[in-house]
2 protein chains.
Amino acid sequence: MMTETAELAPDPVSDRVLRSFAGYALKRASNAVQADLVRTLEPFGLRMITFTALLLIVENPDLSQTQLAGVLAVERSNLVTIVDELEQAGWIARGQSPRDRRSHALRATSAGERLCTAARRAVEAHEARLFSSIGADGKAMLVNALGLVENAGNKLPVGANSGAAR
Amino acid sequence: MMTETAELAPDPVSDRVLRSFAGYALKRASNAVQADLVRTLEPFGLRMITFTALLLIVENPDLSQTQLAGVLAVERSNLVTIVDELEQAGWIARGQSPRDRRSHALRATSAGERLCTAARRAVEAHEARLFSSIGADGKAMLVNALGLVENAGNKLPVGANSGAAR
DNA sequence: TATTGTTATACTCTATAACTATA
DNA sequence: TATAGTTATAGAGTATAACAATA
């Protein structure tokens with residue numbers, strides 16, 4: 001049964017304190033953008049991480065898995081599944097490195113290159129859609145500000161917090 | 001054994017295409033800020049989600065779990081663990097609602113209120129630390145831009161993507 | 001019949017340890 | 001001895017279905 005809406009005021013839950021935190025706005029915006037990006041990539045059979053991996057392989061042919069894991073900030077062990085996924089779909093191939101028989105030389109197939117181009121166009125359209133409301137300079141300023149914030153976050157390693165009770 | 005660094009140029013992996021996407025900058029900044037926030041809350045015995053829940057309970061006494069799940073954008077089933085965690089630490093109590101014997105009236109204990117105040121101060125310091133590099137107006141503009149982007153993302157529901165091959 | 005809190009379950013992401021084959 | 005790729009596994013976070021008590 002529905003709850004009574006007229007009798008007692010619905011008393012909307014206040015989240016104003018939460019909204020006073022910029023980190024909260026950052027997380028909400030990031031979530032919304034990622035969600036739209038997932039929807040954008042879905043029709044291509046790509047996840048965010050497989051799209052990113054494919055893009056990097058196309059741009060950097062004969063990349064090794066360790067190198068790729070490094071740029072993607074993913075554990076090498078977890079990269080295996082990602083590369084498997086792309087290889088089984090026929091979009092990339094694990095070639096053999098001429099210098100080191102342990103390492104794989106990742107290279108996109110022509111199907112993979114075509115898919116990458118198409119997906120990239122869709123992602124660019126997604127970006128245009130989501131960031132159009134703030135204009136070109138707004139976007140540039142936003143990206144610049146985000147870079148500064150990211151650096152500030154990564155600068156302070158572990159112990160820099162104020163003392164706290166429990 | 002180390003790989004040869006002089007003989008062959010290390011050939012740094014190019015991620016410039018990736019960096020041309022604003023959504024990527026957004027995700028990186030968000031991750032960095034969330035990571036620092038986790039470190040900030042750890043000494044208080046709080047996770048991000050339990051801190052947020054506690055804050056909302058303090059600000060909205062006698063909140064029900066369904067209401068809280070709504071603001072937090074969390075499934076009711078998953079909220080159970082969160083509320084358990086706060087209750088077992090003695091920071092909130094599941095009171096009984098006078099009107100509906102099914103629902104709980106969540107209320108912070110005095111220990112919970114003290115903890116919330118202290119944690120909130122630490123989070124405010126964390127915010128000041130991370131956003132100081134862009135100044136007060138920069139922060140205001142950032143929050144404003146993020147709100148616009150979030151709205152743009154949430155506006156377009158499901159089918160609004162450009163057609164895509166597979 | 002619908003809703004609140006709850007349990008159980010599953011699926012994705014991520015992190016760690018250990019193995020193999022090469023170096 | 002160290003590194004590349006791999007497997008197995010475990011932990012978070014999140015989503016769905018079903019149940020008992022109550023409305």
Side-chain angles (χ1 to χ4, degrees), chain A residues 1-5 7-8 10 13 27 30-31 34-35 37-39 41-42 46-53 57 62-88 92-106, chain B residues 1-5 7-8 10 13 27 30-31 34-35 37-39 41-42 46-53 57 62-88 92-106:
Chain A
M1 186 188 275
M2 283 286 293
T3 55
E4 325 270 340
T5 55
E7 232 176 277
L8 246 78
V13 180
K27 188 182 187 182
S30 181
N31 285 348
Q34 305 312 311
L37 184 53
V38 167
R39 287 193 295 267
L41 291 173
E42 206 169 39
L46 288 167
R47 297 183 291 144
M48 278 188 48
I49 190 70
T50 51
F51 168 67
T52 315
I57 294 170
D62 291 333
L63 204 60
S64 80
Q65 293 190 194
T66 298
Q67 286 177 306
L68 183 53
V71 228
L72 289 176
V74 161
E75 294 297 319
R76 275 179 318 160
S77 57
N78 292 327
L79 185 65
V80 176
T81 319
I82 297 164
V83 172
D84 282 349
E85 205 173 313
L86 290 171
E87 190 178 42
Q88 280 159 26
I92 68 161
R94 281 173 162 107
Q96 55 184 359
S97 160
R99 295 195 174 71
D100 190 334
R101 284 195 300 172
R102 290 172 305 179
S103 86
H104 291 155
L106 304 176
Chain B
M1 185 187 276
M2 281 287 292
T3 56
E4 324 270 340
T5 55
E7 235 175 274
L8 247 77
V13 180
K27 189 181 186 186
S30 181
N31 285 348
Q34 305 313 311
L37 184 53
V38 166
R39 287 194 294 267
L41 290 173
E42 205 168 40
L46 288 167
R47 296 183 293 143
M48 276 189 51
I49 190 68
T50 50
F51 168 67
T52 316
I57 294 170
D62 290 335
L63 204 60
S64 81
Q65 291 190 192
T66 298
Q67 287 176 304
L68 182 54
V71 229
L72 289 175
V74 161
E75 294 298 319
R76 275 178 318 160
S77 56
N78 292 326
L79 184 66
V80 175
T81 319
I82 297 164
V83 173
D84 282 350
E85 206 173 313
L86 290 171
E87 191 179 42
Q88 280 160 27
I92 69 162
R94 281 172 162 108
Q96 54 184 1
S97 160
R99 295 193 174 73
D100 190 334
R101 284 194 300 170
R102 288 172 306 180
S103 84
H104 291 157
L106 303 177

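Keep in mind it's a predicted model, so treat the numbers as computed, not measured.
Note on B:Asp62 versus B:Arg99: no salt bridge recorded, every NZ/NE/NH1/NH2 to OD/OE distance being 4.0 Å or above. By the 4.0 Å N-to-carboxylate-O rule, A:Arg47 lies too far from A:Glu42 to be salt-bridged with it.
Within the 4.5 Å cutoff, the side chain of A:Arg94 has heavy atoms near those of the A:Glu87 side chain.
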* Could you walk me through whether B:Leu86 and B:Leu46 pass the side chain to side chain contact (heavy atoms under 4.5 Å, CB included) check? -> CA-CA 9 Å; B:Leu86 290 171; B:Leu46 288 167; 4.2 Å; yes
* Assess whether side chain to side chain contact (heavy atoms under 4.5 Å, CB included) is satisfied between A:His104 and A:Gln96, documenting all intermediate values. => CA-CA 5 Å; A:His104 291 155; A:Gln96 55 184 359; over 6 Å; no
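Checking the phosphate oxygens (OP1, OP2) of D:dA21, no side-chain nitrogen or oxygen of B:Arg101 falls inside 4.0 Å. Contact between the side-chain N/O atoms of B:Gln67 and the OP1/OP2 oxygens of C:dT4 is not found at any separation under 4.0 Å.
One interatomic measurement links the two molecules: CD1 of B:Ile49 to C1' of D:dT14, which rounds to 11 Å at whole-angstrom precision. The CD atom of A:Gln34 sits 16 Å away from the C1' atom of D:dT14 (whole-angstrom rounding). The distance from atom CD of A:Gln65 to atom C1' of C:dT22 is 15 Å, rounded to the nearest whole Å. Here C:dT4 presents its C1' atom at 12 Å from CZ of B:Arg94, a figure rounded to the nearest Å. The interatomic distance linking B:Leu68 (CG) with C:dT3 (P) rounds to 19 Å, in whole Å. One can place CG of B:Asn31 at 14 Å from P of C:dC13, the figure rounded to the nearest angstrom. In this structure, CZ of B:Arg47 is placed 9 Å from P of D:dT14, rounded to the nearest angstrom. Distance CG (A:Leu106) to C1' (D:dG5): 11 Å, rounded to an integer number of Å.
In this structure, A:Asp100 and A:Ala73 both approach DNA chain C, and ranking their closest nucleotides by distance from the 5' end singles out A:Ala73.
Using a 4.0 Å heavy-atom distance criterion, B:Ser77 is classed as a base contact. At the heavy-atom level, B:Arg76 lies under 4.0 Å from base atoms of the strands shown. Across all strands shown, A:Asn78 has heavy atoms under 4.0 Å from base atoms, whether or not it also approaches the sugar-phosphate. Within the 4.0 angstrom heavy-atom criterion, base atoms lie near B:Glu75.
The base of C:dT3 is paired with the side chain of B:Arg102 by a donor and an acceptor separated by under 3.5 Å.
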